[in-house]
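Quick note: residue numbers are just sequence positions, from 1.
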Amino acid sequence: MILFKVDDKVTRSGELEDKMGQADFWDDQVAAQKIVSELKLLKAQITPLRNLQTNFEDACLTYELAREENDDDLMVEADESLFKLTSKMEQVEVQSLLSEKHDHRDCFITISAGDGGTEANDWAEMLFRMYAYFFESQKWKVEEVEKSHGTEVGINSVTLHVKGPFTFGYMKCERGTHRLARVSPFNAQGKRQTSFATVDVVPELENVDLEIPDRDLDISAFARSSGPGGQNVNKVASAVRMVHIPTGIMVVASTHRDQLQNKRAALQVLTAKLEALAEEKRERELSEASGGKIDRGWGTQIRSYVFYDNRVKDHRTNFEVMNPPRVMNGEIQGFIDAELKRRRSEKN
C-alpha cells in the first residue's frame, strides 16, 4: 500500500525539505511547485500513521502505569484511549486504499439536476447541502466555481473546487447518478416522485501537458443572475461559458467578478475533464484488450435515497443506512469506505 513504507517516505520528506531550504529554490517555479506538491502528499500520508503510533504508545504507558499503581480511574482512561484508537486505525486503513495515480489531489465536483424540473432542481440542491456538510466535517476548503439556479427552486448545477488531503480519492466514490424517491412536497396529491441528479468528480491536475487548440474552443461571456427570477443581474458580462467543440463538453465559471479570472477557472476545469476523459479511454482500451469490462459510464446509478422507506442504499456495495436525515446531514463516510474496499477487492 502506498501509505506504508513510512521510513522511505520520512527520508524522502527530509530530502524535499532540504531542497526547499535552498536559496535558489523558487528560481524554477515549475520544479518548485512539483516539490511542494510531493511534500504535501508525503506529509498527508505520514502524519496520520505517526499520530496513531504516538497515541498508541501513550495509551500503553497509561495502561502500564494504571496497572502498577492499581489505579481504577487511570485504567478507565487507558481503556477509553485504546477504544478511540480503533476508529483512528480504521481511518488509516481506509487511507491506505487511496493508492491510485490522482487520489492525493484536490478535485472539481459538479452536481447537475436530471430530468424532472422542480423536483430534480430541489434534489440537486439537497445533494449540494449534503456534500457541504460532509466537506465541513472533513475540514476541507471549498470554493464555488459556478452555480446555476432552478427556475422556481433549487439548482440546475453547481461546480465546486474542493481542497484537502486525498479529496479526489474519497470523492471519486460519489461519481454517478443519485436517485431520490419521496413523497413530493410539490405535489398537491402527495404522490411519490422519483428524481435524479448526477455527480461528476475530476482531479485538479498540475502542469498538465494537455494543450487545447484555440480552434477547439467556443468561448462566450454573459451576465449571470444571482438567483431565481433574475434578481441582482450583473451589469457586466463577466461570467464565461466555454465549450470544447470536439467533445461537446461545456464548462461555466461565474464566481469571480473579473472575466479573465472566470476564463482561467473555466479552462482549468475543462482541462481536468478532458484529461479524465482521456484516461477513461485508456482504461477502457486496456480493459477490452484483457477481456474484462468495467462500467465506468457517466450517469451510472450508484445510490438510492428512499425517504418514505427510511433507507439509503448503495447499489455497488449494498451498504445501507436506515436513517436518511443522518445521510443528508453529511454522514456519508460509510458509503465511501465501503466503495473503496469494494474497489480494492475487485482489483485483488
Side-chain angles (χ1 to χ4, degrees), residues 2-3 9 13 16-17 20 26 29-49 51 91-92 94-112 127-147 155 157-175 199-208 210 240 242 251-258 260-276 279 330-333 335-337 339-340:
I2 192 170
L3 179 65
K9 294 181 185 299
S13 178
L16 295 177
E17 288 178 338
M20 289 180 66
W26 289 105
Q29 293 280 335
V30 174
Q33 191 57 53
K34 286 183 178 179
I35 291 174
V36 171
S37 297
E38 184 181 354
L39 182 60
K40 179 182 175 183
L41 170 60
L42 288 170
K43 287 188 174 181
Q45 294 172 334
I46 294 168
T47 302
L49 196 58
N51 289 343
Q91 292 172 7
V92 170
V94 168
Q95 197 179 69
S96 74
L97 304 177
L98 303 176
S99 57
E100 296 296 324
K101 179 180 177 182
H102 299 302
D103 282 351
H104 66 284
R105 298 189 184 278
D106 298 334
C107 65
F108 294 101
I109 298 172
T110 300
I111 303 168
S112 304
L127 280 178
F128 176 30
R129 287 197 300 268
M130 180 187 79
Y131 287 123
Y133 287 131
F134 177 66
F135 299 153
E136 184 179 2
S137 71
Q138 300 297 308
K139 295 181 173 55
W140 292 345
K141 295 181 180 178
V142 183
E143 177 185 343
E144 193 175 290
V145 176
E146 181 273 338
K147 182 190 281 186
I155 57 174
S157 67
V158 63
T159 297
L160 306 170
H161 188 189
V162 186
K163 302 178 182 180
F166 299 95
T167 54
F168 176 70
Y170 287 116
M171 291 307 299
K172 69 183 182 183
C173 298
E174 294 297 294
R175 183 178 177 221
V199 177
D200 186 24
V201 184
V202 293
E204 180 186 11
L205 303 174
E206 298 167 356
N207 305 318
V208 179
L210 179 66
V240 171
M242 186 175 291
V251 173
V252 175
S254 60
T255 301
H256 303 288
R257 294 184 179 181
D258 179 66
L260 186 58
Q261 283 182 290
N262 282 325
K263 184 178 178 181
R264 288 197 198 100
L267 186 59
Q268 189 177 28
V269 177
L270 178 61
T271 302
K273 286 180 177 287
L274 290 175
E275 181 69 17
E279 190 156 318
E331 295 186 30
I332 61 171
Q333 189 67 55
F335 293 100
I336 292 172
D337 293 352
E339 174 59 10
L340 285 172

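At a threshold of 4.5 Å between non-hydrogen side-chain atoms, the residues F108 and K273 do not count as touching. Proximity of D103 to K172: side-chain heavy atoms (C-beta onward) are separated by under 4.5 Å at one or more points. Counting heavy atoms from C-beta on, the side chains of V162 and Y170 never come closer than 4.5 Å. Taking 4.5 Å as the limit, some side-chain heavy atom of L160 sits within range of a side-chain heavy atom of E144. Contact annotation: the side chain of F166 never approaches that of Q138 to less than 4.5 Å [non-hydrogen atoms, C-beta and beyond].
Atoms CG and CD1, from L97 and I336 in turn, are 12.5 Å apart once rounded to the nearest 0.5 Å. Rounded to the nearest 0.5 Å, atoms CG (N51) and CD1 (I46) are 11.5 Å apart. Within the model, atoms CZ of R129 and CD1 of I155 stand 9.0 Å from one another, a figure rounded to the nearest 0.5 Å. Summarising the geometry, atom CD1 belonging to I111 is positioned 10.0 Å from atom NZ belonging to K147; distances are rounded to the nearest 0.5 Å. Distance check: L267 CG to M242 CE gives 5.0 Å after rounding to the nearest 0.5 Å. A distance of 10.5 Å separates CZ in F128 from CD1 in I109, rounded to the nearest 0.5 Å.
S112 and S157 get closest at one heavy-atom pair: OG-CB, 4.0 Å. Closest approach of L340 and L98 over heavy atoms only: CD2-CD2, 3.6 Å. Heavy atoms only, all atoms of each residue included: W140 and G164 are closest at CD1-CA, 3.8 Å. In this structure, G330 and Y133 approach most closely via the heavy-atom pair CA-CB, 3.9 Å. Across every non-hydrogen atom of D200 and R175, the tightest pair is OD1-NE, 3.3 Å. Counting all heavy atoms, side chain and backbone alike, A276 lies closest to V202 at CB-CG1, 3.8 Å.
One side chain, Y131 or E174, offers a donor N or O that lies under 3.5 Å from an acceptor on the other.
Proximity of a side-chain donor or acceptor of S13 to a complementary backbone N or O of K9 within less than 3.5 Å is not detected.
Every residue was checked against the side chain to side chain donor-acceptor pair (under 3.5 Å) condition with K141, not counting sequence neighbours, and none meets it. Residues meeting the side chain to side chain donor-acceptor pair (under 3.5 Å) test with T167, sequence neighbours left out: none. For the salt bridge (Lys or Arg N to Asp or Glu O under 4.0 Å) test, residues two or more places apart in sequence or in another chain that qualify with E339 are R316, R342, R343.
Annotation: E38, atom CD; neighbour count of heavy atoms from other residues, nucleotides and ligands within 6.0 Å is above 12.
Paired with E204 under the rule side chain to side chain donor-acceptor pair (under 3.5 Å), one option of R105, H161, H102 passes, and it is H161.
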